[in-house]
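When a ligand or atom number is given, it counts from 1 through the structure's own listing order. Numbers here simply count residues along the sequence, with the first being 1.
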Amino acid sequence: MESVTQGASIIRSFIFKKDIDWSALTDGITFPVMYQAVFGSVDGRLMVRGEKKPVSIIFESKVYSATIQNNDFNKSYNESHPRDILQIRYKKDLKEALAAAFAESYRFFSEKRNLEKQTRESKRIKLPEDQREYLALYSTGKDDLFFMDAIYAEDLSAIAEMVSDQSEEAVEAELNFEKEDRTASIIEVTRTEKIRRLNRKISDNLKQLYGFRCQICGAIHDEPYGCNVAEAHHIRYFVQSLDNDASNQLIVCPNHHRIIHKTNAFWDPKKLVYTYPNGYSEGLLLNYHL
Ligand SMILES: [Zn+2]
Ligand SMILES: [Zn+2]
């Protein structure tokens, strides 16, 4: 999950990626209230607890109406761990569209749920690792219009096949390749474009979060040239992990990016430190998302 904090500058292209589970197919999706600035504003102010608002969601070329509500988890609320969540609730037509689009996952969950006789456990059923599917939710710049992309298991296996004989650096360059932004459009996208767009949106959010600075050295190279060259690096190489979540990305300067790949530096996910083959190690100067 992306744990990017909100800020006016990153609102336009924001994205939330959700694992497909039973409730994502049949009821709605929930996300932490910290996304409120992006998904929960009404006439320029934030939603209050318990408030609902109608929204439109574009999914596979059709427009659906839904509601976003700020759920009040009052009872378990405490200052350090706010439990409020935002929830998008579908109506019948979008439920049906999702069940049809994710037909195999839908069948998988239905069967599992029947077997487990609706026990509490059945709520936590997850797709097997190699059958994972996702919904990506994009903001459009309009408070009440969102765009939903389905990332199917087939999309991921097609990508896996495509990248299997390529170098990580080539794939990362390809993923970040600048293309026309179609987020708010109703155009069907190909598998590779879907995944590229997902990746680019997440890395764009992160780059803006860090003001285009390198998380390792803090360097920024945009002035005086008037362009930024910050790059998104996949901590667990994308060609192996296919993981383009923010939790697997680091924003780095081109020098650090080159050095990490050239030395195949070792990343310690607990200490957040890179260690190079000669024994030298360095941590992160900037970190707001890992
Ligand atoms: Zn750097
Ligand atoms: Zn990289």
Side-chain angles (χ1 to χ4, degrees), residues 1-5 7 9-10 13 15 17 132 134 136 151 155-179 191-290:
M1 190 201 74
E2 299 79 65
S3 51
V4 180
T5 52
S9 62
I10 60 170
S13 60
I15 179 166
K17 182 180 165 204
R132 288 263 182 96
Y134 305 96
I151 311 284
D155 298 331
L156 290 162
S157 50
I159 278 275
E161 200 170 309
M162 236 185 64
V163 302
S164 62
D165 58 351
Q166 293 182 47
S167 79
E168 176 70 8
E169 283 172 287
V171 171
E172 280 189 323
E174 172 75 7
L175 284 171
N176 286 300
F177 189 68
E178 293 287 333
K179 281 199 120 187
R191 289 176 168 152
T192 51
E193 263 183 284
K194 263 200 266 194
I195 287 162
R196 186 185 290 138
R197 175 170 70 189
L198 175 68
N199 189 78
R200 202 183 61 242
K201 285 294 180 192
I202 293 171
S203 62
D204 281 355
N205 288 159
L206 287 173
K207 285 175 189 173
Q208 292 187 43
L209 178 68
Y210 291 102
F212 304 97
R213 286 175 190 281
C214 174
Q215 284 189 253
I216 299 173
C217 66
I220 181 166
H221 296 283
D222 63 343
E223 290 166 12
Y225 310 105
C227 71
N228 77 75
V229 290
E231 297 178 359
H233 169 63
H234 293 77
I235 297 167
R236 293 186 301 127
Y237 285 6
F238 181 83
V239 294
Q240 284 133 26
S241 66
L242 301 183
D243 181 355
N244 52 18
D245 285 356
S247 60
N248 191 40
Q249 296 196 34
L250 265 188
I251 301 306
V252 288
C253 66
N255 284 349
H256 268 112
H257 202 183
R258 194 75 197 282
I259 290 162
I260 290 167
H261 283 281
K262 197 157 186 183
T263 61
N264 200 18
F266 171 78
W267 173 251
D268 183 330
K270 290 214 173 79
K271 294 182 185 153
L272 305 180
V273 163
Y274 265 120
T275 303
Y276 301 94
N278 68 356
Y280 180 66
S281 46
E282 63 190 340
L284 300 178
L285 199 64
L286 301 169
N287 180 38
Y288 314 125
H289 82 287
L290 294 175

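In the model, Y237 has a side-chain atom that pairs as donor or acceptor with a side-chain atom of N264 under 3.5 Å. Between the side chains of H256 and Y274, no donor-acceptor pair of N or O atoms lies under 3.5 Å.
When side chains are defined from C-beta on, E168 counts as touching H261, because their heavy atoms get closer than 4.5 Å.
Every residue was checked against the side chain to side chain donor-acceptor pair (under 3.5 Å) condition with R258, not counting sequence neighbours, and none meets it.
Proximity of a side-chain donor or acceptor of Y276 to a complementary backbone N or O of I260 within less than 3.5 Å is not detected. A donor-acceptor pair is defined here as one N or O able to donate and one able to accept, closer than 3.5 Å; such a pair exists between the side chain of K207 and the backbone of A230.
H233 contributes ND1 and E172 contributes OE2; the angle these two atoms make at the Zn ion (ligand 2) is 100°, rounded to 10°.
Near-neighbour remark for the Zn ion (ligand 1): protein N, O or S atoms under 2.8 Å are C214 SG, C217 SG, C253 SG, H256 ND1; waters not counted.
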